Amino acid sequence: VVRANNHTLSFILLVSIKLSFLSVFLFLGRPVDITCMLRQTSFGITFSIAVSCVLAKTLMVCFAFKATKPGSPWRKWVGVKVAYCIVLSCSIIQILISVIWLTISPPFLELNFLFEPGQIIIQCNEGSVVAFYIVLSYMGLLASVSFIVAFLARSLPDSFNEAKYITFSML
């Protein structure tokens, strides 16, 4: 029996991790235009949802322990809606970055004649390299913030803070 402090957020976390692992299959096989566009963006969005769930769970545990004192201003920050807002806002930022990338300079199918003479290599060109690195940087930023919050929450009781273990295992 597994018990979590927010079962809906845990379910979203598990589904997004599963989708992150399934997005690997977009990298396999002969590339076409649609798979070139979906490869990096689908992984970036699903992984950002997963990391933002971990961040929200860790923040909720921190807020809950700060709100235990009578008259604490942290009481208004404890609630399911705050966790959902954290996940939604962090995910929407990654979705916007991906939509801008796909609108301005999307990844496309490319035939490489130069890599190996006498053979044509079909590969995906990432389009805008800057947008690709912005997607990666945002995922790194989310993971770093999640790690910092988990590090600050290390002194909380272990039975309430499963997100701490998830974050430290990402390291």
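The structure presented is a predicted model; accordingly, all values stated were derived computationally and were not measured.
Taking Ile, Leu, Val, Met, Phe, Trp and Tyr as hydrophobic and joining them when side-chain heavy atoms fall under 4.5 Å apart, one finds Ile121 in a cluster with Phe115. Connectivity analysis of hydrophobic side chains (ILVMFWY, heavy atoms under 4.5 Å, direct or indirect) links Ile104 to Ile100.
Partners of Ile120 by side-chain contact (heavy atoms from CB on, under 4.5 Å), not counting sequence neighbours, listed by chain and number: Leu111, Phe113. Looking at residues two or more places apart in sequence or on another chain, you find a side-chain contact (heavy atoms from CB on, under 4.5 Å) between Leu88 and Ile92. Applying the side-chain hydrogen bond (donor to acceptor under 3.5 Å, both in side chains) criterion to Ser20, with sequence neighbours excluded, gives Thr46. In this structure Phe43 satisfies the ring pair (Phe, Tyr, Trp, His ring centres under 6.0 Å) test together with Phe47, sequence neighbours excluded.
Put simply, the side chain of Lys18 does not reach to within 4.5 Å of the side chain of Leu14, judged on heavy atoms. The shortest side-chain heavy-atom distance between Leu102 and Pro107 falls under the 4.5 Å cut-off.
Counting only residues at least two apart or on different chains, the side-chain hydrogen bond (donor to acceptor under 3.5 Å, both in side chains) pairs with a member in residues 90-106 are Ser48-Gln94. Sequence neighbours left out, the pairs with a member in residues 99-149 that pass disulfide (SG to SG under 2.5 Å) are Cys36-Cys124. Applying the salt bridge (charged side-chain N to carboxylate O under 4.0 Å, His left out) test to every pair with at least one member in residues 107-130, sequence neighbours left out, gives these pairs: Arg39-Glu126.
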Could you pull out all donor-acceptor pairs under 3.5 Å where a side-chain atom in residues 79-87 meets a protein atom, sequence neighbours excluded?
none

Which side-chain N or O atoms in residues 133-143 pair as donor and acceptor under 3.5 Å with protein atoms at least two apart or in another chain?
residue : atom : partner : partner atom : Å
Ser137  : OG   : Tyr133  : O            : 2.6
Tyr138  : OH   : Cys90   : O            : 2.9

Please tabulate, for side-chain N and O atoms in residues 26-35, each donor-acceptor pair with protein atoms closer than 3.5 Å (sequence neighbours left out).
residue : atom : partner : partner atom : Å
Asp33   : OD1  : Leu109  : N            : 3.3
Thr35   : OG1  : Val32   : N            : 3.0
Thr35   : OG1  : Val32   : O            : 2.9

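Residues Ala50 and Ile17 approach most closely at CB-CG1, 4.0 Å, considering heavy atoms.
Atoms CD1 and CG, from Ile49 and Leu19 in turn, are 8.0 Å apart once rounded to the nearest 0.5 Å. Between Gln119 atom CD and Leu114 atom CG the span is 13.5 Å, to the nearest 0.5 Å. Here Leu9 contributes atom CG and Cys53 contributes atom SG; the two are 4.5 Å apart, rounded to the nearest 0.5 Å.
No single ILVMFWY cluster, assembled from side-chain heavy atoms under 4.5 Å apart, contains both Phe132 and Met37.
The number of heavy atoms from other shown groups lying within 6.0 Å of CZ (Phe108) is above 12.
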